[in-house]
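Some notes on the structure that comes next.
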Amino acid sequence: MTAIVLAGLLALAGPMSALAQKAGEDIEAGRANPEAASGFEAKNIVRAKRHMVVAANPYAARAGREILRMGGSAIDAAIATQLVLNLVEPQSSGIGGGAFILHWDKAQSELKTYDGRERAPKAAKPDLFLTPGGAPQRFFKTVASPQSVAVPGLLRALEMAHKSHGQLPWKDLFAPAIRLAEQGFKVSPRLHKLLGGRWARKFSPRAKEYFFNAGNKPWPVGHVLKNPEFADTLRHVAARGADAFYQGGIARDMVGALQAAVAKSGQAIDGMTAEDVKSYQAMPRPPVCTAYRSYKICGMGPPSSGGHTVAQTLKLVEKFDLGRDPMNPAALHIIAEAEKLAYADRARYSADPDFVPVPEGLLDPDYLNNRAKLIDLAKSTPKAQPGTPPEVAKGRFGRDATIENKGTSHISIVDRQGNAVAMTSTIESAFGSGFMVRGFLLNNEMTDFSFRPKDRSGRPIANRIEPLKRPRSSMAPTMIFAPDGELRMILGSPGGSRIILYVIKSIIAHIDWNANAAEAAAWPNFGSRNGPFEIESGQSAPASANVAGSAFNRSAFYERTRKYLEARGHKIRSGPMTSGAHIIILKNGVIEGGADPRREGRALGD
Ligand code: GLY
């Protein structure tokens, strides 16, 4: 065991923020926030020599490390980690949902990306989420409806990646999750807290039975929860591969549960069929790569908007000097203004590339040079407009109306051969749609589409619902390569459409301001999704942290930043920004891991 633990990186958190007191209620947004704050736990940086896994829960990180110690590859460890996450962090991801995977093959110097995004059923129509009067349905009601469930993609993507990059037999990777599901795991504070959210009222009867005690209360922290049904599901998939999930009894039960709910609601809506499930395919996709300063940044292309939006922002930021002082307000202004421009393009152009011609020119150097000229160092743009990248006919794409939620998890892994995985997985809202089948929850990824198919001018919205289409995502698993071509950084985060802000902050913190993996995750979150300047505040974040060796007082930082930005016309919105950035940095032969202090993650290495 060569992990070196450095103590005292961050000061201990203060009491929970008032904003975070009520489980899952995002007071500012006025609607359910499934990834609400649940406390701040200072995390030490972890250093290792051989391999490392960083994931959102200690049980899951241990499962990944167990596989790495057995000589498993990065993708082997990712599979074991993900299956345990499904069990112990069921609010965020699982086999009832989807994922995007970046895989780095060190020997071949090859980066591959796998799309395991959920897919709309064949019967899904553009007006699925409109009322008879043509207005968008209420978001929260839609989340908990059977129509919100898209065909899960996670297992097909894992299987595809394992076929190319696995070392250990597929079935061995299921052992840690099966064991834990049978023996039970301790309910964590975060799981307990999120079970107190109002969405839990909409759980299917089976989900209520599993998550609540006889008094209809969430199981307390520390309760040992067993899930033999899930163990049984995993045993089938371990033995027969993903076909056991996509064909046969498990698929029949998923479809049956949704059909029963449709019948009960009295609605005449066609939903997911056994054929939809059977025909699902994961897809290899080209990575989206760009140069930032002397580094190469690679991410996930469409149907995720993550890769392009991160890349566009960094290319715009690159044209400015961010200064040497970490998190200085002038730099934060530049980054937020760049994010506004990138989010404006994202909303207009990003969608499933098999249905919508996502413009290649989004990263065109001349286009971005012109976009950068829109950034005014002295004043904020209240709302950036999308640009017209080369080869886009003006007016072809409508104004987006997608509402996004935040139920997701991120895993970063490097194995002893230097192969790596960055995988972000999701079931969309906290606990997905609330439908539980065979021990796992089904996603509500259909609500990642725009409810309106057309904008007010009648132009089709790129991210509208269409049969067999994949909804746009914000997930941004990312790998960064150093000037010598070696892998430098593996990262990603949950957080709905704020994922992109969290990933950008972490990248700039490391590349521009030399933050280590734990600092890059812990430093205050901020940014703009083409609206107000959002800044993490209150006691959900630590009162103080060590920024690049100098004392850093969070309330002083907040006040200094607010004053500077308000003077430039920014509208400030503050509150919890619950990232779950899980970061590995490889430098000078040392592997450094940082887990986000806002969640329950761990970095474990040898
Ligand atoms: N469901 C979260 C995302 O795909 O961005």
Side-chain angles (χ1 to χ4, degrees), residues 26 29 31-36 56 82 85-86 89-102 113-120 139 142-143 148-154 157 199 282-283 285 288 299-310 342-343 346-347 350-353 400 402-411 422-434 441-451 462-463 465 469-478 491-504 527 529 577-581 599:
D26 185 335
R31 63 187 174 85
N33 173 6
E35 294 293 356
Q82 175 59 65
L85 280 176
N86 190 153
E89 198 204 28
Q91 66 270 24
S92 295
S93 70
I95 61 177
F100 293 112
I101 306 170
L102 263 60
T113 74
Y114 297 95
D115 167 0
R117 185 65 164 165
E118 299 91 331
R119 198 181 70 177
F139 187 81
T142 309
V143 164
S148 79
V149 180
V151 180
L154 177 71
W199 49 81
M283 315 269 279
R285 302 269 187 198
V288 169
M300 191 71 219
S304 186
S305 60
H308 274 122
T309 314
V310 168
Y343 269 81
R346 166 189 178 274
S350 195
D352 183 341
D400 185 47
T402 309
I403 304 170
E404 284 164 276
N405 243 317
K406 313 176 180 83
T408 301
S409 203
H410 180 81
I411 302 170
M423 172 162 99
T424 314
S425 54
T426 185
I427 54 170
E428 174 50 8
S429 291
F431 306 96
S433 60
L441 289 162
L442 295 176
N443 70 81
N444 62 297
E445 220 68 50
M446 291 294 289
T447 65
D448 260 359
F449 282 115
S450 170
F451 283 24
N463 189 34
I465 300 172
K469 188 175 177 182
R470 295 166 196 235
R472 183 183 70 209
S473 171
S474 302
M475 294 194 284
T478 303
L491 76 160
S493 176
S497 56
R498 285 182 181 143
I499 288 173
I500 292 158
L501 306 184
Y502 302 150
V503 168
I504 290 166
R529 292 173 290 170
M577 293 177 77
T578 315
S579 55
R599 300 195 187 212

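Values below: every heavy atom of this structure, side chains too, minus hydrogens, waters and symmetry copies. Since this is a predicted model, take the numbers as computed values, not measurements. Heads up: numbering here begins at 1 and tracks the sequence. Whatever order the structure lists ligands and atoms in, that order sets their numbers, starting from 1.
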[X] heavy atoms, cut-off 4.0 Å: which ligand 1 atoms fall inside?
X	result
M475	3 (C), 4 (O), 5 (O)
E428	1 (N), 2 (C)
T408	2 (C)

Using a plain distance cutoff, I'd like to know if R472 has any nitrogen or oxygen under 3.5 Å from a nitrogen or oxygen of ligand 1.
no
Hey, is R472 close enough to D400 for a salt bridge, meaning N to O under 4.0 Å?
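A salt bridge links R472 with D400.
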Using the ring pair (Phe, Tyr, Trp, His ring centres under 6.0 Å) criterion, which residues pair with Y343? Sequence neighbours excluded.
none
Is it the case that the side chain of Q91 and the backbone of A430 share a donor-acceptor pair, with hydrogens and angles ignored and the cut-off at 3.5 Å?
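Such a contact is absent between Q91 side chain and A430 backbone.
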Heavy-atom donor-acceptor pair, S305 side chain to S473 backbone, under 3.5 Å
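Judged by distance alone, yes, a pair lies under 3.5 Å.
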Under the rule for salt bridge (Lys or Arg N to Asp or Glu O under 4.0 Å), what residues qualify as partners of R119, not counting sequence neighbours?
none
Region of R117 engaging ligand 1 - heavy atom pairs below 4.0 Å
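Side chain only.
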